[in-house]
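Take a look at the structure set out below.
Here the structure is a predicted model, which means the values were calculated and not measured. Residue indices begin at 1 and follow the sequence shown.
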Amino acid sequence: EAMAITWPSEVKKYFTKRNFTITKTPFNSLKEGDVAIILIRKGLKYHWIAYPTYTKKIIKKYFGDSTVVVGTYIIKKRAAN
């Protein structure tokens, strides 16, 4: 399974190439209007999940009580020059 992990640096590179900014932020600071991707895990099983597609409540319990939020990244479209 570890071979399937997409690392945060790869995700940042992907969004940067497409004219987005990606900023790491605390999970609990997510608010209405934010668009974010969150890396979660249970043991060695990792998963990227999107907010607000999934609520914070669902994200925190995605793998049940064993869910750990590894990183939260807010995504914003860069302004045109």
Applying the 4.5 Å side-chain criterion to the ILVMFWY set and letting contacts propagate, would [X] and [Y] be lumped into a single cluster?
X	Y	answer
Ile38	Ile74	yes
Ile37	Tyr62	no
Trp48	Tyr46	yes
Leu39	Ile22	yes
Phe63	Phe27	yes

Donor-acceptor contacts, no H, no angles, side chain residues 51-60, under 3.5 Å, sequence neighbours left out:
unit_1: Thr55; atom_1: OG1; unit_2: Ile58; atom_2: N; d: 3.1
unit_1: Lys56; atom_1: NZ; unit_2: Asn28; atom_2: O; d: 3.4
unit_1: Lys56; atom_1: NZ; unit_2: Leu30; atom_2: O; d: 3.1

Once rounded to the nearest 0.5 Å, what's the spacing between atom [atom1] of [X] and atom [atom2] of [Y]?
X	Y	atom1	atom2	value
Lys12	Lys17	NZ	NZ	16.0 Å
His47	Thr67	NE2	OG1	10.5 Å
Phe20	Arg78	CZ	CZ	9.5 Å

Practice task
Under the side chain to side chain contact (heavy atoms under 4.5 Å, CB included) rule, what do Lys77 and Asn19 come out as? Steps first, then yes or no, please.
Solution key: CA-CA 6 Å; Lys77 186 75 171 165; Asn19 207 30; 3.9 Å; yes

Problem - Shortest non-hydrogen contact from Lys42 toward Ser66 - result: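 Lys42 and Ser66 have their closest heavy atoms at CG-CB, 3.7 Å.
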
Exercise for the section: Could you tell me whether a side-chain N or O of Ser29 sits under 3.5 Å from a main-chain N or O of Pro26, the two making a donor and an acceptor? Expected result: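 Between the backbone of Pro26 and the side chain of Ser29 there is a qualifying donor-acceptor contact (under 3.5 Å).
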
Exercise for the section: Please lay out, stage by stage, how Tyr73 and Val11 fare under the test side chain to side chain contact (heavy atoms under 4.5 Å, CB included). Expected result: CA-CA 10 Å; Tyr73 302 87; Val11 172; over 6 Å; no

